[in-house]
Engineer: 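To start, I am sharing the structure in question, which I have written as structure tokens.
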Amino acid sequence: MTGQAPATILGIETSCDETAAAVVLRDEFGKGSIRSNVVRSQLDEHAAFGGVVPELAARAHVTYLDHIIAQACREAGVSLDEVDAIAATAGPGLIGGVLVGLTTAKALAAALGKPLIAVNHLEAHALTARLTDGVQFPYLMLLVSGGHSQFVLVRGVGDYQRWGSTIDDALGEAFDKVAKLLTLGHPGGPAVERIARSGDPKRFKFPRPLLREARLDFSFSGLKTAVRLQAEALAPLSDQDVADIAASFQAAVAEIVAVRSRQALERFASEFPGQAMRLVVAGGVAANQTIGAALRAVCVEAGATLVVPPMALCTDNGAMVAWAGAERFALGALDDLDFTARPRWPLDLDDMRIEPDAA
Ligand code: KG4
Ligand code: ZN
């Protein structure tokens, strides 16, 4: 059953520290609705280590995934038999976790006689705005999470062009490292944002690496080092010092993201003259209000629409995987049961697993 027939898809996400499963329905008009979306975060398991421990993450996925899938089906009011296909993240991500999710999906697909759809995690982030806001192709995505910072031109399902990415740390990772050196705990992003509210964003002028260059890439490691050197120079830090450093760091990254987004929108305008411009934001850092305000200003100035899906769908979840599966299912883009997990899987490399006559 492909094409415009309605389809119910189970989605499984285990590529980092969220064990997640969801049931999503795609109707005959291509409109999606979330029937259930169950996420179990492993924050507590990893908190003591100041970051995600891959081996612990994989083990927790093994322990909880079956229950999460059962709960997702229960909440959706569907049995596994009623699902049309099983979609699971097959990469990129921590290989142990990806294997747990993909192997479970393969076992379910084989046992139930249902098709498997191996989903690229980045594609799942990229297509979420079509589930939540029905955004039409083409559009620009800014993915800013703990593992990725990139601009992607989304031309169609399976049709992506990466316009720029980080050459060192991801933006969420930079927040986490700054939080660690200011002893604010993990995950760092929300902690830095909270403390920055009482800080002076102008007290320190931290560097904006790469910003003078025209390329759409990011670099955050030099900024992180500048923050560390400043903290060392001031030590011992008063509460006000910590707040001022956090606010100044956040101001620097907000400016970097804003300038790059303006450039990316300019490129979009020149490649798609006359097209409506949409900037879709995904990833945990999308929760940051200073960055959000900077992006809103850029979009207003450029005449673009800013689309930020609800936070629960910006961070890792099963609904985005189920939806990416539903979009692929509608195109007949199914995968074999011997599909191998891919710890690295750039969106725009070999991704075109959709036959030209099916697309
Ligand atoms: O997308 P996500 O939930 O997980 C993956 O990385 O896949 O993103 C988590 C990242 C963490 O690095 C976290 O510190 C960051 O998003 N983050 C934030 C905020 N909330 C989460 N960064 C800045 N400000 C926030 N409010
Ligand atoms: Zn993610």
Side-chain angles (χ1 to χ4, degrees), residues 11-20 22 37 39-43 46-47 50-52 54 57 61 88-94 97-98 101 119-129 141-150 152 165-166 169-182 184-197 199 201 218 220 223-224 227 246-247 249-254 256-257 280-295 308-321 323-324 343 345-347:
I12 296 171
E13 162 59 40
T14 53
S15 67
C16 192
D17 58 343
E18 260 89 31
T19 313
N37 192 21
V39 180
R40 182 190 179 277
S41 172
Q42 301 175 6
L43 270 185
H46 302 285
V52 178
H61 290 311
T89 294
L94 301 174
V98 171
V119 170
N120 181 312
H121 180 88
L122 304 174
E123 173 169 66
H125 277 301
L127 297 177
T128 300
M141 173 184 66
L142 169 64
L143 172 62
V144 274
S145 69
H148 304 277
S149 299
Q150 50 187 259
V152 176
S165 55
T166 180
D169 293 345
L171 182 49
E173 192 181 357
F175 268 96
D176 293 337
K177 287 179 175 170
V178 164
K180 199 169 185 175
L181 72 90
L182 296 177
L184 297 173
H186 185 86
V192 169
E193 177 166 33
R194 201 174 318 113
I195 200 112
R197 281 193 201 114
F218 295 107
F220 296 111
L223 169 59
K224 174 199 66 194
V227 170
F249 162 78
Q250 194 172 250
V253 295
I256 293 167
V257 170
V280 170
V281 190
V285 184
N288 188 282
Q289 293 184 14
T290 303
I291 293 173
L295 286 174
V308 187
M311 257 346 276
L313 299 174
C314 277
T315 55
D316 291 349
N317 65 89
M320 70 179 190
V321 178
W323 174 251
W345 188 0
L347 256 189

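Note that the structure is a prediction, hence the values are computed from the model and not measured. One-based numbering, in listed order, for ligands and for the atoms of each.
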Engineer: For the Zn ion (ligand 2), does an N/O/S atom of His148 lie at less than 2.8 Å?
Structural biologist: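 Short answer: no, not a single N, O or S atom is under the cut-off.
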Engineer: Relative to ligand 1, is Asp176 under 4.0 angstrom through side chain, backbone, both or neither, heavy atoms considered?
Structural biologist: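 Within the 4.0 Å criterion, Asp176 contacts ligand 1 through side-chain atoms alone.
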Engineer: Roughly how far apart are His125 NE2 and Leu143 CG, rounded to 0.5 Å?
Structural biologist: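 Here the interatomic distance stands at 5.5 Å.
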Engineer: Which atoms of ligand 1 are found less than 4.0 Å from any heavy atom of Gly188?
Structural biologist: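 Near Gly188, the atoms of ligand 1 are 14 (O).
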Engineer: Side-chain contact test, heavy atoms from C-beta onward, threshold under 4.5 Å: evaluate it for Glu123 versus Leu127 and give yes or no.
Structural biologist: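 The answer is yes; the side chains approach within 4.5 Å.
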Engineer: Going from CG on Asp17 to CG on Asp316, what distance comes out if it is rounded to the nearest 0.5 angstrom?
Structural biologist: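 That separation rounds to 7.5 Å.
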Engineer: For Thr128 and Val280, what are the C-alpha separation, side-chain angles and deciding distance, and is it a side chain to side chain contact (heavy atoms under 4.5 Å, CB included)?
Structural biologist: CA-CA 9 Å; Thr128 300; Val280 170; over 6 Å; no
Engineer: Students should be able to answer this: which protein heavy-atom is nearest to atom 18 (C) of ligand 1, and at what distance?
Structural biologist: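 Its nearest protein heavy-atom neighbour is Gly189 CA, 3.4 Å.
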Engineer: Which atoms of ligand 1 sit under 4.0 Å from any heavy atom of Gly146?
Structural biologist: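 Listed by number with element: 5 (C), 6 (O), 8 (O), 9 (C), 10 (C), 12 (O).
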Engineer: Closest N/O/S atom of His125 to the Zn ion (ligand 2), by atom name?
Structural biologist: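 That would be atom NE2.
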Engineer: Counting each atom of ligand 1 from 1 as listed, which ones have a heavy atom of Gly283 under 4.0 Å away?
Structural biologist: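 Near Gly283, meaning under 4.0 Å from one of its heavy atoms, ligand 1 has 1 (O).
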Engineer: What's the shortest heavy-atom distance between Glu13 and Thr89, and which atoms?
Structural biologist: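 Minimum heavy-atom contact is OE1-OG1, 2.6 Å.
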Engineer: Considering only the protein, which heavy-atom contact is closest to atom 24 (N) of ligand 1, and what is its distance?
Structural biologist: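 Here the nearest protein heavy atom works out to Asn288 ND2, 3.0 Å.
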Engineer: Out of Glu193, Lys177, Glu173, whose heavy atom is nearest to atom 26 (N) of ligand 1?
Structural biologist: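 Among Glu193, Lys177, Glu173, the closest heavy atom to atom 26 (N) of ligand 1 belongs to Glu193.
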Engineer: With a cut-off of 4.0 Å, which atoms of ligand 1 are near a heavy atom of Phe175?
Structural biologist: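 Going through ligand 1 atom by atom, the ones under 4.0 Å from Phe175 are 22 (N), 23 (C).
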Engineer: Identify, by atom number and element, the atoms of ligand 1 in contact range of Thr315, meaning under 4.0 Å from any of its heavy atoms.
Structural biologist: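 Listed by number with element, the hits are 1 (O), 3 (O).
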Engineer: Looking only at heavy atoms, is any part of Pro190 under 4.0 Å from ligand 1, and if so is it the side chain, the backbone, or both, or is it neither?
Structural biologist: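 For Pro190, backbone and side-chain atoms both sit under 4.0 Å from ligand 1.
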Engineer: Do any N/O atoms on Gly172 end up under 3.5 angstrom from N/O atoms on ligand 1?
Structural biologist: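 Yes - when backbone and side-chain N and O of Gly172 are compared with those of ligand 1, one distance drops under 3.5 Å.
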Engineer: Roughly how far, to the nearest 0.5 Å, is the OG1 atom of Thr166 from the CD atom of Glu173?
Structural biologist: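 Taking CD in Glu173 and OG1 in Thr166, the distance rounds to 8.0 Å.
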Engineer: Which atom, among the N/O/S set of Asp316, is closest to the Zn ion (ligand 2)?
Structural biologist: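 Atom name of the closest N, O or S in Asp316: OD1.
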Engineer: Considering only the protein, which heavy-atom contact is closest to atom 15 (C) of ligand 1, and what is its distance?
Structural biologist: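 Among all protein heavy atoms, the one nearest atom 15 (C) of ligand 1 is Val285 CG2, 4.0 Å.
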Engineer: I need the nearest protein heavy-atom contact for atom 21 (C) of ligand 1: residue, atom name and distance, please.
Structural biologist: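 Protein heavy atom at minimum distance: Gly284 O, 3.4 Å.
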Engineer: What distance do Ser15 atom OG and His61 atom NE2 have between them, rounded to the nearest 0.5 Å?
Structural biologist: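 Atom-to-atom, Ser15:OG and His61:NE2 are 7.0 Å apart.
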Engineer: Mark up the atoms of ligand 1 that fall under 4.0 Å of a heavy atom belonging to Gly147, in ascending order.
Structural biologist: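 Atoms satisfying the 4.0 Å criterion: 6 (O).
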Engineer: Taking only heavy atoms of Asp316 into account, list the atoms of ligand 1 that are under 4.0 Å away from them.
Structural biologist: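 Here the atoms of ligand 1 in question are 4 (O), 5 (C), 7 (O).
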